[in-house]
Amino acid sequence: MADVTKEEVLAVLAKVRGPDLEGDIVSRGMVSDVFISDNKVYFSITVPAARANELEPLRVAAERTVKAMPGVKGALVTLTADRKAGSAPPPAAPAAHSHSHGHAHNHPPHSHPPQGQHPAQPQQREKPGVPGVGAIIAVASGKGGVGKSTTAVNLALGLQANGLRVGILDADIYGPSVPRLLKISGRPQQIENRIIKPMENYGLKAMSMGFLVDEETAMIWRGPMVQSALLQMLREVAWGDLDVLVVDMPPGTGDVQLTMAQQVPLAGAVIVSTPQDLALLDARKGIAMFRKVEVPLLGIVENMSYFLAPDTGKRYDIFGHGGARSEADRIGVPFLGEVPLTIDIRERSDAGTPVVASDPEGASAKIYREIAARVWAELGGLTPRQAPAIVFE
């Protein structure tokens with residue numbers, strides 16, 4: 001069968017209606033350059049930043065249309081947004097560096113608090129930690145669709161590959177994806193005193209609402225129920241001795257994020273973003289929220305950063321490049337690394353065989369292990385302990 005061409009892809013996309021059904025996405029100039037490698041198609045659709053969430057069905061329709069073409073092996077489509085002229089980001093706040101005069105309690109000797117955070121105000125009460133768990137870190141994003149859960153799972157596996165004992169808590173009550181990403185099904189066992197035994201695969205201990213209830217049930221939960229379910233999954237689970245517990249947060253800045261930040265001694269947060277301005281504008285909201293609740297920012301990961309052609313190994317910056325790195329510099333937060341856009345990462349994630357576990361010697365696994373090493377270094381290489389993770393005074 002002949003290879004798929006750009007012209008054929010654009011002809012098919014010309015049947016996809018634009019927002020508000022005005023014209024099609026090709027004639028309206030919304031489709032980026034189309035890149036084809038090994039009959040897998042990559043492109044982005046430019047939309048107004050303010051309408052990104054409501055236009056997700058447009059992205060899905062375009063991806064489905066291209067995947068249905070004869071000869072197409074796969075398609076990867078993202079939404080992106082050009083900043084309108086005159087809507088530059090607000091001027092940078094003075095970058096906070098690590099000249100904080102605060103003291104971190106419960107630090108091992110000679111370790112230091114992570115860089116790039118504001119000295120926190122004295123806290124009235126310590127947040128109870130989780131017995132046996134050293135550091136609890138949140139992986140968050142300002143919006144959905146940036147690959148946050150895939151990043152969280154591969155980061156956890158990367159920390160483990162670097163010699164640490166690791167667990168992962170899926171705090172995305174409304175759309176738990178850790179069961180699928182780790183290929184775990186079934187219900188966890190209850191042991192004495194209503195304590196639950198975590199599920200496990202690839203050596204990672206895992207807990208998710210997806211193990212306990214059907215997803216439809218979780219969808220109707222509201223504030224107090226969410227809070228109590230989260231704290232139960234955190235504190236009534238037999239995690240055992242862990243160096244790090246990675247928490248996959250839901251996207252955005254709602255109830256769950258505030259509960260975690262206010263009730264759990266988070267040692268820090270990792271923000272996942274993509275190169276587009278669209279995702280970065282949302283990432284800023286997440287960064288601002290963690291700063292407000294005095295959770296140290298361990299750094300930013302730029303996901304889908306660039307595309308590596310599987311046939312030639314050539315790099316293409318098809319969605320722009322360097323947005324997350326320059327944003328990290330601007331606000332004085334460490335830049336943790338760039339994860340390329342590859343069908344491999346997506347397919348392995350969807351199959352529940354994350355790349356760090358299933359292809360540990362591959363290029364992608366190496367990138368995640370390096371990011372994991374930087375996260376651990378930002379934590380000051382904390383030693384496991386019973387007490388709350390980090391309390392700044």
Side-chain angles (χ1 to χ4, degrees), residues 40 73-74 76 78 135-141 144-172 175-186 188 198-211 215 233 239 242-251 269-274 298-308 310 336-376:
K40 291 169 182 170
K73 286 191 199 163
L76 199 49
T78 64
I136 303 173
I137 60 172
V139 176
S141 67
V146 299
K148 171 191 50 61
S149 294
T150 298
T151 304
V153 164
N154 281 297
L155 170 64
L157 288 165
L159 287 160
Q160 180 180 269
N162 292 348
L164 299 169
R165 294 163 301 175
V166 187
I168 186 163
L169 169 63
D170 184 356
D172 195 345
S177 46
V178 163
R180 179 174 52 85
L181 292 172
L182 287 176
K183 211 190 220 165
I184 302 176
S185 56
M199 305 293 269
E200 197 170 316
N201 199 8
Y202 307 115
L204 274 190
K205 291 181 177 173
M207 194 61 218
S208 169
M209 196 39 72
F211 300 143
E215 284 179 48
M233 286 201 300
W239 291 111
L242 297 179
D243 298 306
V244 186
L245 179 63
V246 174
V247 180
D248 179 23
M249 302 282 255
V270 171
I271 303 281
V272 180
S273 182
T274 57
L298 301 174
I300 298 178
V301 172
E302 183 171 83
N303 199 30
M304 308 186 209
S305 178
Y306 53 91
F307 172 69
L308 281 181
L336 296 169
E338 302 172 339
V339 179
L341 178 67
T342 72
I343 288 269
D344 189 42
I345 291 177
R346 172 179 267 200
E347 286 177 345
R348 285 177 190 262
S349 299
D350 287 346
T353 55
V355 68
V356 175
S358 57
D359 184 17
E361 299 309 313
S364 299
K366 182 169 179 272
I367 290 168
Y368 284 119
R369 285 200 310 274
E370 285 168 357
I371 289 171
R374 286 186 198 113
V375 167
W376 186 241

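Rounded to the nearest 0.5 Å, atoms NZ (Lys148) and CG (Asn303) are 11.0 Å apart. With rounding to the nearest 0.5 Å, the separation of CD1 in Ile371 from CG in Leu159 is 10.5 Å. Summarising the geometry, atom CG belonging to Asn201 is positioned 8.5 Å from atom NZ belonging to Lys183; distances are rounded to the nearest 0.5 Å. Separating the OG atom in Ser141 from the CD1 atom in Ile271 is a distance of 8.0 Å, to the nearest 0.5 Å. Between Glu370 atom CD and Asn162 atom CG the span is 9.5 Å, to the nearest 0.5 Å. To the nearest 0.5 Å, the span separating CG on Asp243 from CZ on Arg165 amounts to 4.5 Å.
Contact record, Met199 with Pro188: SD-CA, 3.5 Å, taken as the closest heavy-atom pair. Here the shortest heavy-atom pairing between Tyr202 and Gly352 reads OH-O, 2.5 Å. Pro354 approaches Asn154 most closely through the heavy-atom pair CB-OD1, 3.6 Å. Here the closest non-hydrogen pair linking Ile367 and Glu338 is CG2-O, 3.3 Å. Here the closest non-hydrogen pair linking Ala365 and Val355 is CB-O, 4.1 Å. The shortest heavy-atom contact between Pro176 and Ser208 is CB-OG, 3.4 Å.
One N or O on the side chain of Asp170 and one on the backbone of Val178 form a donor-acceptor pair closer than 3.5 Å. Remark: side-chain polar atoms of Arg374 are paired, donor with acceptor, to backbone N or O of Leu336 under 3.5 angstrom. Checking side-chain atoms of Lys205 against main-chain N and O of Trp239 turns up a donor-acceptor pair under 3.5 Å.
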Any chance you could lay out the side chain to side chain contact (heavy atoms under 4.5 Å, CB included) test for Trp376 and Val244, step after step, and finish with the verdict? CA-CA 9 Å; Trp376 186 241; Val244 186; 3.5 Å; yes
Given Leu182 and Ile168, is the side chain to side chain contact (heavy atoms under 4.5 Å, CB included) satisfied, shown in steps? CA-CA 10 Å; Leu182 287 176; Ile168 186 163; 3.9 Å; yes
Test side chain to side chain contact (heavy atoms under 4.5 Å, CB included) on Leu157 and Tyr368 and set out the steps. CA-CA 8 Å; Leu157 288 165; Tyr368 284 119; over 6 Å; no
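Legend: residues meeting salt bridge (Lys or Arg N to Asp or Glu O under 4.0 Å) with Arg369, ordered by chain and number and at least two apart, are absent. When the side-chain contact (heavy atoms from CB on, under 4.5 Å) test is applied to Ser149, the partners found at least two apart in sequence or on another chain are Ser177, Leu181, Asp248.
Within the 4.5 Å cutoff, no side-chain heavy atoms of Thr151 are placed close to those of Val339.
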